[in-house]
Amino acid sequence: MNEHTKSIASLTDRLPNQHKKLLSVYITFCVFLIAELIMDPLILKSYSRMWPLSLQFAPLMLCAMSQGCIMLVGGINLSLGASLSLATTIAAVTMFEGAGGTVGGIVATLVSGMAIGLVMGTVVTFGRLPDIIVTLAFSYIWNGAALLVLSKPGGHIPSAYSGFLQSQGVVPFAIIMILLLLVFWKIIKNTRLGINIYAIGGNAKASFESGIHVRLTKILAYIISGLFMSGAALVLVGQTGCGDPTIGNAYGTKSIAAAILGGFSFSGGIGQMKGAVLGAFIYIAIENVLFFSGFSSFYQYIIQGAILIAAIGLKVVSYYRRGGEGA
Amino acid sequence: MKDAFLQVKQVSKSFFGNKVLSNVSAELRPGEFLALIGENGAGKSTLINLITGIYSYDEGEIWINGKLCKTITPAEAQRLGIYTVRQELSINPVLTVAQNVFLGHEILNHGLVNKKEMERITRELLDAVHLKHIDPRQDAGTLTMAEKQMLEFCKAVYQNPKLLVLDEATSALDDDQVEIIFNKLRELQKQGLMVIFISHRLHELYEICNIMTVLKDGQQIVTEPIQSLDEDRLISLMTGRTIQDLFPAKRESKKVQSAPEIIKIEDGTFGKCKHIHLAVKKGEILGIGGLQGQGQQTFMECLFGIRKLEQGAMFLDGERIVLRGPSDAMARGIAYLPAERKTEGLFVSHPIAFNLTFACISRLCDFLGTIRRKAEKEEIDRAFTSFSIKAHSPNQIISELSGGNQQKVVLAKWLARNPKLLLLNEPTRGIDVGTKKEIYELMAGLAGKGVSIVMISSDTMELIGMCDRVITVYENEINYELLGNDLTEEALVKASVFRRDRNE
C-alpha cells in the first residue's frame, strides 16, 4: 500500500462501516448529480421541476431495490420487467374510482407482486434450480399473463390517484414512498430475517450449518422483492394513467445495471438498499446527460454500455486488489 | 461412573458403494476429550459429520443424551448441545464479527435484533481470547485466517456446548493462540465439557486429550487412554500395511538419482512457499506427500506456470526459464493432470474423441487449420489401444465412463503431446484397484522412457510403491526428503505429521 492510498484509507476509516462500503457509489452519485444539475438547470430555478423528475426516477429506483433483494441472496431476477408489466395491468383492472376502489386496487397490486415473488422463490428453492433459469422462464410466463389481463395498454386508473401522485405538496409522493420503503428495509435488516438474507448470500452452506432455514429465507427475499416491484408498478400506472402489458420491458436489464452501479454484487450478500436507489439515480442521470449532450441515440446506447462495463470493471479490479492484499 | 453423553454403536457409512466407515464405536462422558487420529481419508471427518448431522449413517446407532438419533440435522445437533469448529471456516465474510457470533441465535428485542447487546457480548468474548484489536462491528471478511478460526471458537463456546467438535480447528493458529484456546477448554472441562479433537499436530492431541481413537481405512483400530499410546506405537497402528503386488518393480535408486536434472527451482518463492529448492531428475518419479492442504498444490501450480515464481530461478534442461503461464509450460513440454478430473481435466459432456485430441489438436491440422480426419482417427485409435480405454466407441460421452477410464482419457490426452515432465495431482483418486494398477504400469513405462513425473498423492502406499523419491510438505515447507531404502511407510507417515526440527 503506498502513501497515497494510506491517507485515503485513514480518511475512510473514520466513516461508519456501511457508508465506507458505499463510498465509491457516493462519489459517482455526486458526480452525476452535478452533471444532472448542469444539464438541467431548471431544477435549481423551479422547485416544481422536482415532481416530474421524481416520477422519472422512482420506478427504476424501486426496481433496483427489487433486483437488489434477489441479488443479496445470490440470485438474479430476469423476469423483473415482465412481472412489472403484469403488475401494472393488475393495477389497471383492480382499481376503481373512489377511495375504496383505489385502496383496494393498491392492495391487490401489492399482494399480487408478493405472490409473484412467492411463486418464483418457491420454484427456485424447492426445485433446486438456478435463479437465472427460473426467472428467465418466468419472464415468458409473466409476459403472457400480462397480455391475458390486458392485450393492449388500457384499464382504468382513477384520476384522483394519478392526481395525488402528481399533486404538488411539500415533498413529491414518490420520494416519500421511497423513503418509507428504505425505512421498511432498515427495519427488516435489523430483524433475524435481514441478517439471514445477507448470511445466505455470503455463504449458504455455512448458514445452513448454523441452523438457518435457507429456503424460507430465500423465498421471503423473493416476496420482499415482489413488494418493491409492485411499488414500482403503482408509480408507473399513476404516471401513465393505464396498465401496459409491455411497459416493464425496459426495466428488466436496467434494474440489474442500476443495482450493480449501486454496489450490489452478483456473488450475493453484498449491497445496500440506499445504494440501489443511488445506483438507479446514476443510471438515469447517465441517460439524461447523454440525452442533453445531443449525441445521436445510437451513440447513446454504445456509450451507456461502455460506462456500465467501466463501472463493473472498476469494482472487480478493486475487489481483486483487496483480495490480493489479504492473501 | 457418569452416563455417556454420546454413544456411537457399530456405525457404518458408504458413499456410492464405497465403504468409508465400518463398524465404528465411540463413547464420550462429561469431561472426556477424545482425539481422533488416522491418515488422510481414514474416516475421521466422516465420523464427526455423522455425529453433527451433516450426513446420515447407513448402519448402527448413535445415541445422544440417552436418545437414539437416527437422522438429525445440524440444527438439531446444536439443540442437543453439539457444536463444531471446522477447518474449512464457516465464517460469513459479508456479516460483521458480532453478527457471525450470533448467526442463528440473535438476541432479539421485540423482534428486532439487539445490536448493542450482541456487540457488547462479542467484545467480551474477543477480549477473553486476547483479540482486543478486533472490532465487533467490522466485517468478518477482513479477519486473518487465524482470527477467523479464533472467532469460530468464540462462536461455539458462547453457545455453551456440551460437546465441542474441533476438526483441524487449530490448523491456522500459532502456539500462543492454541494455548489460549486450550486454557479455555480446560476451564470448561471442569464443568463437564466434552471435546472430539482432530488435529494433524500430534503434540496438541497429547497435550489436551485423554482418550484416543485410531482410525484406518474406515476401521477403528484401537481406542485407549492416551497415555498408553506412545508415538511409536501410534505410527505403527496408523500404518502397518504391506505393499501388495499392485505396483511395478522399482528401479535402482542410485541409477535414477544420477540422471541429469530436468527441472530445478532454486531458492524459489511462490505463494506462501518461501525459499524452496526442488529438482527433478530425468526419468524420475518424485512424490509430494504430507498431510492434506499443506501447500502441495502450490508446488504443482508453480511448476506448471499457474503461479509465478516471485523470487528465485527455474531451470529446464539446465536453461534458465520463466514460465509465463500454463500455455507456456505446455509449449515447453510440461503437462499437468489436475486433481479435479471432472471440473479441470475433462469436457464431461463431450465425446471421448473430442477430449482425447483437444490438447494436441494443432498437430492434427493441415496447413489451412482444418482437422485432418485420418490423422485424428489414427491418434484416437493409438490412444484406445495403448491405454486400453474401455468404451463402446470414441463417440461415447465421457461422463458415461467409469472414473478409471475417464482418468485414462485425461492421461492419454496429455501424453499425446509427448511431455518430458508430467505433473500428476492425485492421479488415482476414486479409481478402482484394477485401473489403478494399469495407471501405475503406464507411469512406470513412461519413467523408463525418460519422462519425469511429479505426483501429489494423499495415498501413502501409492507414494511408496511408485516414487523414486518423496518429499513431504508441512506448512508450505519441504519437511523431509525420503529416497531409496528410507522410503518406508513408517518413515513417510512420520515425515508427514511431525515437523522436522530445524536444528537437526
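Just so it is clear: chains get the letters A, B, ... in the order the sequence lines come, proteins before strands, and each one is counted from 1.
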Residue list, side chain to side chain donor-acceptor pair (under 3.5 Å) with B:T142, at least two apart or on another chain: B:Q138

Can you say whether B:I54 sits under 4.5 Å from chain A via the side chain, the backbone, both, or neither, judging by heavy atoms? side chain

In terms of heavy-atom proximity below 4.5 Å to chain B, should A:I187 be classed as side chain, backbone, both, or neither? both

Without hydrogens or angle criteria, can the side chains of A:S225 and A:S66 be said to hold a donor-acceptor pair below 3.5 Å? yes

Hydrogens and angles aside, do B:Q294 and B:N476 bring a side-chain donor and acceptor to less than 3.5 Å of each other? no

Part of B:L95 lying under 4.5 Å from any heavy atom of chain A: side chain

A:D131 bridged to A:K218 by N-O distance under 4.0 Å: yes

For B:Q78, is it the side chain, the backbone, both, or neither that has a heavy atom closer than 4.5 Å to a heavy atom of chain A? side chain

Side chain from CB out, backbone as N, CA, C, O: work out which of these in A:N196 comes under 4.5 Å of a heavy atom of chain B, or both, or neither. side chain

Can you tell whether the side chains of B:E124 and B:R120 come within less than 4.0 Å, N to carboxylate O? yes

Counting N and O atoms only, with roles assigned by atom type, does the side chain of A:T135 sit under 3.5 Å from a partner on the main chain of A:L78, one being a donor and the other an acceptor? yes

A:I195 versus chain B, heavy atoms under 4.5 Å apart: side chain, backbone, both or neither? both

Contacting moiety of B:L108, where chain A heavy atoms sit under 4.5 Å: side chain

